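In what follows, a single structure is set out as structure tokens and then discussed.
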Amino acid sequence: MAVKKIAKNIKFEEALAELEEQVRLLESGELSLEDSLEVYKYGVELSKVCSGKLEAVKQEVEKIVVADGDDDDYRLAPFQDLEG
């Protein structure tokens with residue numbers, strides 16, 4: 001069993017579903033040691049894709065904040081201001 005290639009334009013939801021399938025395969029206990037290793041490697045790559053996509057979205061998300069209590073004046077705050 002060769003490690004599958006991940007499409008460059010794979011959507012987050014598709015990568016996550018595929019990762020969940022790889023986890024299910026590993027948890028089933030039906031794979032040989034060698035196949036388990038290949039499935040694990042593929043899962044790690046899928047995990048990296050999912051993490052990268054989440055990080056990219058996180059960097060793009062901005063929070064709208066009412067400035068100085070004036071409902072007509074808004075400012076944008078980086079996503080990281082939401083953490084903590």
Side-chain angles (χ1 to χ4, degrees):
M1 174 182 253
V3 176
K4 298 177 190 175
K5 297 273 185 177
I6 300 172
K8 290 184 179 186
N9 60 347
I10 191 169
K11 293 183 178 183
F12 173 80
E13 293 80 4
E14 294 168 347
L16 184 59
E18 185 66 22
L19 178 57
E20 290 171 344
E21 176 61 19
Q22 301 311 301
V23 170
R24 188 197 64 70
L25 283 171
L26 287 170
E27 289 178 340
S28 74
E30 298 173 4
L31 300 174
S32 67
L33 179 61
E34 292 80 13
D35 288 346
S36 293
L37 180 59
E38 293 302 311
V39 168
Y40 179 78
K41 288 177 183 178
Y42 183 53
V44 168
E45 292 305 312
L46 286 166
S47 177
K48 289 178 183 177
V49 168
C50 289
S51 293
K53 289 185 178 288
L54 284 174
E55 187 62 32
V57 169
K58 180 180 173 182
Q59 291 176 3
E60 290 182 29
V61 173
E62 294 181 320
K63 176 180 143 186
I64 298 175
V65 180
V66 177
D68 299 322
D70 183 355
D71 291 338
D72 295 327
D73 185 22
Y74 293 91
R75 66 179 174 83
L76 297 176
F79 181 81
Q80 57 187 243
D81 287 354
L82 294 172
E83 297 175 344

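In this text, all values refer to a predicted model and were calculated from it rather than measured experimentally.
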If we ignore hydrogens and angles and just use 3.5 Å, is the side chain of Ser47 paired with the main-chain N or O of Gly43 as donor and acceptor? no
For the atom pair NZ (Lys5) and CD (Glu45), what is the distance rounded to the nearest 0.5 Å? 10.0 Å
Drop me the distance from Ser36's OG to Gln22's CD, to the nearest 0.5 angstrom. 11.0 Å
Spatial distance of atom CD (Glu21) from atom CZ (Arg24) [nearest 0.5 Å]: 4.0 Å
So, does Ser51 use its side chain to make a donor-acceptor pair with the main chain of Lys48 at under 3.5 Å? no
Sequence neighbours excluded, the answer for side-chain hydrogen bond (donor to acceptor under 3.5 Å, both in side chains) partners of Glu27 is none
Nearest-0.5 Å distance that lies between atom CG in Leu46 and atom CD in Glu14: 11.0 Å
Identify the residue among Leu37, Val44, Val39 that makes a side-chain contact (heavy atoms from CB on, under 4.5 Å) with Lys41. Leu37
From CD1 (Ile10) to NZ (Lys53), nearest 0.5 Å: 7.5 Å
Where is the tightest heavy-atom contact between Leu54 and Phe12, given as atom of each residue plus distance? CG-CE1, 3.7 Å
Any chance you could measure Lys11, atom NZ, to Asn9, atom CG, to the nearest 0.5 Å? 9.0 Å
